[in-house]
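One structure is given here, and the rest of the page talks about it.
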Number of protein chains: 2
Amino acid sequence: MKTLTLPPQAAQVGLAVDVAAFAMHESELQVLLVQRGTLPHAQVWALPGGFVQLHEELHEAALRELREETSISLEPRHLEQFYTFGAPERDPRGRIVSVAHLAVLPHGTVQVTGGSGTLAAGWFPAHTPPPLAFDHAQILERALRRLQTRLEYAQLALEFLPETFTLPELQEVHEAILAKKLDKRNFRKRLLAQGLLILSGERRNGVGRPAQLYRRSKTARRTTV
Amino acid sequence: MKTLTLPPQAAQVGLAVDVAAFAMHESELQVLLVQRGTLPHAQVWALPGGFVQLHEELHEAALRELREETSISLEPRHLEQFYTFGAPERDPRGRIVSVAHLAVLPHGTVQVTGGSGTLAAGWFPAHTPPPLAFDHAQILERALRRLQTRLEYAQLALEFLPETFTLPELQEVHEAILAKKLDKRNFRKRLLAQGLLILSGERRNGVGRPAQLYRRSKTARRTTV
DNA sequence: GCAAAAGTGTTGCGTGTACACCCATGC
DNA sequence: GCATGGGTGTACACGCAACACTTTTGC
């Protein structure tokens, strides 16, 4: 390992990343959790995360921990850092600061198993999670708020869905994230007015009247920050 | 110094805070910079900042560095963490991750001098700063964007002004942050409709017609974290 | 009385919201 | 033919942007 030349006043802190990874399952917004295999908080559920390596970008560390601890195969469709948690006593092992990330996993990310250091991995209702280790309940809460505000501007909801999807499915994603019902007509009007969706022409068979399929237009690029 | 029991895989990184502190001077949005006294980037201007101490909250570290390096006396009226910069090569001394903070200093924070480790401190136009050390130009840019989005919702602009102020003064703050002119009538209508301002009755003498003085209503709370 | 800055209203447009019925399909 | 979910339009409220003249003071 390379030796560093940090100034003497640099406190020795551990730098970690934690990831709140969301996906839609059964019309509900779910969050990916792992069951810790080691102390502290052994057997307690927690957000996947771990220590950043020396020459690793923060978002790379987040991706790596997500893969290592949950054995997911699909790449997240969205990944952003959203807050850094650094209260001195947040981790009993010492001073550990965590850069928290928000991830969106695409539809179909169902199978998860425990990975290195974890007993298990699984999906849980994002708005009503089980008891969580460390300050992860706070982290999750803030992740949800960020997800909600992101939804207003961007086309982030599309990242939860497969290539083609129906408008009722898209509305379900919005309703799951915002935790409230939306008006069908207003929702359609608003979404179609944005010009991000193009009609895919085909139809999908279900129980009632078949829904029209859409896909995201290639020009879905507007990240007006 | 207390010995920590960090897990072996915890990379040894330095944890720093940097502060983009803004104030209004001469109808312009200004940012507080310090001239570095040590390598690397000696004599180059930079955002005030430094290493977090072991048992210190992140925002406390930000406040401490601000005071130590710039000798300001007034407390910031707003302080929030807004992004964490962690590119592996952002600091030539080694892996140093910086939790960047946004601060608003009240009107009257004029005198600043260099402090420990800095040659000088001074105010610079926030939208057109001098060359900056490390990745501080990026940090400042993101701080400005955050300031602009904060302005929409909150009463953050009030933090730039003294106890009592006039509507033209408040409009100047908004215009300086957004870097664009606003319509006087629309601005007044919008701000007064929010109910955050109460008429202070007095008047202030100037060149033309005197302006009415306002103060913030009691329900407008401070936003320092 | 004139220069300089403060103050004041109306209109149009776009956006969001409330709200109820018909349509296409499987069984 | 009926149960199931998909699809459609209008009317009102609200917020935002555009726009020009009068008022109060100092000199």
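Quick note: numbers below take in every heavy atom, side chains included, and nothing from hydrogens, waters or symmetry partners.
- Interface remark: the B:R185 side chain does form a donor-acceptor pair with the D:dA20 base, using a distance-only criterion of under 3.5 Å.
- The distance between atom CG of B:L167 and atom C1' of C:dT8, rounded to the nearest whole Å, is 12 Å.
- Relative to the axis of its first five pairs, the axis of the last five pairs of the helix from C:dG1-D:dC27 to C:dC27-D:dG1 sits at 10°, rounded to 10 degrees.
- Rounded to whole Å, the distance from NZ on A:K181 to C1' on C:dC19 is 17 Å.
- With hydrogens and angles left out, the side chain of A:K189 and the base of D:dT10 share a donor-acceptor pair within 3.5 Å.
- Nearest-nucleotide positions on DNA chain C for A:K184 and B:L192 put B:L192 closer to the 5' end.
- Nucleotide D:dA18 holds its P atom 13 Å from the CZ atom of B:R190, rounded to whole Å.
- Summarising the geometry, atom CG belonging to A:L63 is positioned 8.5 Å from atom CD1 belonging to A:I72; distances are rounded to the nearest 0.5 Å.
- Atoms CZ (A:F187) and C1' (C:dA18) sit 17 Å apart, rounded to a whole Å.
- Taking CD of A:E28 as the start and CD of A:E175 as the end, the distance is 13.0 Å to the nearest 0.5 Å.
- Atom CG of A:L170 is separated from atom C1' of D:dG6 by 15 Å (rounded to the nearest Å).
- Taking atom NE2 of B:H174 as the reference point, atom P of D:dA17 lies 13 Å away to the nearest angstrom.
- Rounded to an integer number of Å, the gap from A:L182 CG to C:dA18 C1' is 14 Å.
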The test is side-chain contact (heavy atoms from CB on, under 4.5 Å); show your working for A:F165 and A:L158 and say whether it passes. CA-CA 9 Å; A:F165 50 88; A:L158 299 181; 3.6 Å; yes
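- Nearest-nucleotide positions on DNA chain C place B:G208 closer to the 5' end than the other of B:Q212 and B:G208.
- Shown here are the salt bridge (charged side-chain N to carboxylate O under 4.0 Å, His left out) partners of B:E163, two or more places apart in sequence or in another chain: B:R215.
- In this structure, A:F187 CZ and A:L170 CG are separated by 4.0 Å, a value rounded to the nearest 0.5 Å.
- Counting distance only, with no hydrogens placed and no angle test, the side-chain atoms of A:R209 and the base atoms of D:dT4 include no donor-acceptor pair under 3.5 Å.
- Remark: P of D:dC16 and CD of B:Q194 are 9 Å apart, rounded to the nearest angstrom.
- Of the candidate nucleotides D:dT8, C:dA6, C:dC19, D:dT8 has the atom nearest to the side chain of A:R188.
- Along DNA chain D, the nucleotide closest to B:N186 and the one closest to A:L213 are compared, and the more 5′ of them pairs with A:L213.
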Checking side-chain hydrogen bond (donor to acceptor under 3.5 Å, both in side chains) for the pair B:E172/B:H174: CA distance, chi angles, key distance, verdict? CA-CA 5 Å; B:E172 259 186 5; B:H174 281 252; over 6 Å; no
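- Comparing C:dG7, C:dC19, D:dG7 against the side chain of A:D183 picks out C:dC19 as the nearest.
- Classification of A:R64 and A:E57 as a salt-bridged pair fails, no side-chain N sitting under 4.0 Å from a carboxylate O.
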